There are 2 protein chains.
Amino acid sequence: MPSSEAVIRRPRADAERNRLRLMEAAKAVFTERGPNAALEEIASRAGVGIGTLYRHFSTRQALLAEVYRHAFEQLAEAAIQLSLALPPLDALRAWLRLFVDYIATKQVVLAALGATGNAAPAPASGPTVTSVMTDLAERAAAAGDIVLNVDPIDLLRALMGVANVNNGPGWQANAQRLIDILIEGLRPTR
Amino acid sequence: MPSSEAVIRRPRADAERNRLRLMEAAKAVFTERGPNAALEEIASRAGVGIGTLYRHFSTRQALLAEVYRHAFEQLAEAAIQLSLALPPLDALRAWLRLFVDYIATKQVVLAALGATGNAAPAPASGPTVTSVMTDLAERAAAAGDIVLNVDPIDLLRALMGVANVNNGPGWQANAQRLIDILIEGLRPTR
DNA sequence: CTATATACGGAGGTCACCTCCGTTTATCAA
DNA sequence: TTGATAAACGGAGGTGACCTCCGTATATAG
């Protein structure tokens, strides 16, 4: 007989397989068609019914978050490496450059970032883009390199603002320049 | 008989009336429901058919642009006044503050700004938000107060980035702070 | 008053979203 | 192996928004 606690079975093999297929299909379709791609196209390209898609990912956001979680985690990883290798201010600057490169290749992320309100879907555990950015900024502040009188995340938002829509070539260079302007603007007055 | 040139009649009175009604309804509905409000609600609130809406404004963008044109023009006006009354850098800073206030009350504009690629729908004639911002920035640069090594419009984009989505209270204060950071960051190194 | 260019309206085709539930299937215990 | 059963599937179909098309209505000019 079943114990008073719900019996835990490991998920069915087909379920797991379909989840993977969906994520692959989603990645391809989002890249091709942008973050508003039709979910039904994703489902059919994955070879499953639309119902299955919704069972696994109850909202578009949830799907986007899963698809880009790896990328987010890499970005967070990089921050740790940079922190170890460089002085605080340089680490911050270098990471912001990565961030811009990142949104350059995955514009889709903007949607994921935007709608959650948080700067990233929280991975099961471990650092988020938000926490990493905050950390880098606070280190630089502690070192006396900058004065932190804004929410660090707003700096990311500013960069995303420049990336957003501005599809004209050169937006990326402009965003990179903005990094330096922002950092210069945060310098303590001497 | 008709001349070889098309005969120009002034628009029918009902057409003009409906256009006005549509714009009023649109303003109300956009304010209430955001920039993705159903166009059919706008039409019905204006007491006209959906076909009439589309005849007057062929896209959502066109409608948004018309509805907010007055506001844009005021913003452009203000720039002129500030230019006359204040030294270049102060004028720039003051105008950016207005810009933030502006997107605070009319978040809807973000959509209008975004999708056109330009920072504003061009009024029939006269200055646009883009031209005004560029002008203010160039004056400040000419006075030697700032070094202009980005597209001035990108500064607006950065501010919009902070405004965007960030509905948590306090975003407006953060955006105002960002203005100072940006300006400080543009200062010539001395 | 009439002719006609102009404007109106909304029915209906299209498309995407999302839910619901009858059917299928993987898993487990016997 | 073989049921029994929980888990998962799939897609039909309701909903809502977009936008076009064209038969009908009407303001205007002469």
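Note that this is a predicted model, so its numbers are computed, not measured. Each chain gets a letter, A, B and so on, in the order the sequences are listed, and its residues count up from 1.
Looking at A/Arg12, its side chain has no donor and acceptor atom pair within 3.5 Å of the base of D/dA8.
Going from atom CZ of A/Arg45 over to atom P of C/dA16 covers 13 Å, rounded to whole Å. Distance A/Asn18 CG to D/dA7 P: 17 Å, rounded to the nearest Å. The CD-P distance, from B/Glu16 to C/dA7, rounds to 10 Å in whole Å. Rounded to whole angstrom, the span from the CG atom of B/Leu20 across to the P atom of C/dC8 amounts to 12 Å. In this structure, the CZ atom of B/Arg33 is 14 Å from the C1' atom of D/dA17, given to the nearest Å.
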*Would B/Ile183 and B/Ile179 count as a side chain to side chain contact (heavy atoms under 4.5 Å, CB included) if you check the C-alpha gap in whole Å, the side-chain angles of each, and the deciding distance to 0.1 Å?*
CA-CA 6 Å; B/Ile183 288 182; B/Ile179 292 173; 4.1 Å; yes

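Ion pairing between a basic and an acidic side chain is recognised when a charged N comes within 4.0 Å of a carboxylate O; A/Arg97 and A/Asp101 show no such pairing.
Surrounding CZ of A/Arg45 are more than 12 heavy atoms belonging to other residues, nucleotides or ligands, all under 6.0 Å away.
In the hydrophobic clustering, A/Ile80 connects to A/Leu84, either directly or through intervening members, whenever side-chain heavy atoms lie under 4.5 Å apart.
When the nearest nucleotides of DNA chain C are assigned to B/Gly47 and A/Glu41 by heavy-atom distance, the more 5′-ward of the two goes with B/Gly47.
Between the side chains of A/Asn174 and A/Arg177, at least one donor N or O lies within less than 3.5 Å of an accepting N or O.
What you find for B/Trp171 and B/Ala163 is that their closest heavy atoms are CZ3-CB, 3.3 Å.
The backbone N or O of A/Leu64 sits nowhere less than 3.5 Å from a side-chain atom of A/Arg69 that would complete a donor-acceptor pair. Of the possible donor and acceptor atoms, one in the side chain of A/Arg60 sits under 3.5 Å from a partner among the backbone N and O of A/Ala37.
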Anything under 3.5 Å between a protein N or O and an N or O of nucleotides 28-30 of chain C, put it in a table, one pair a line.
none

Give each protein N/O atom lying under 3.5 Å from an N/O atom of nucleotides 18-21 of chain D, with the pair distance.
from   : atom 1 : to      : atom 2 : distance (Å)
D/dC18 : OP1    : B/Leu39 : N      : 3.4
D/dC18 : OP1    : B/Arg60 : NH2    : 2.3
D/dC18 : OP2    : B/Leu39 : N      : 3.2
D/dC19 : OP2    : B/Tyr54 : OH     : 2.8
D/dC19 : N4     : B/Glu40 : OE1    : 3.2

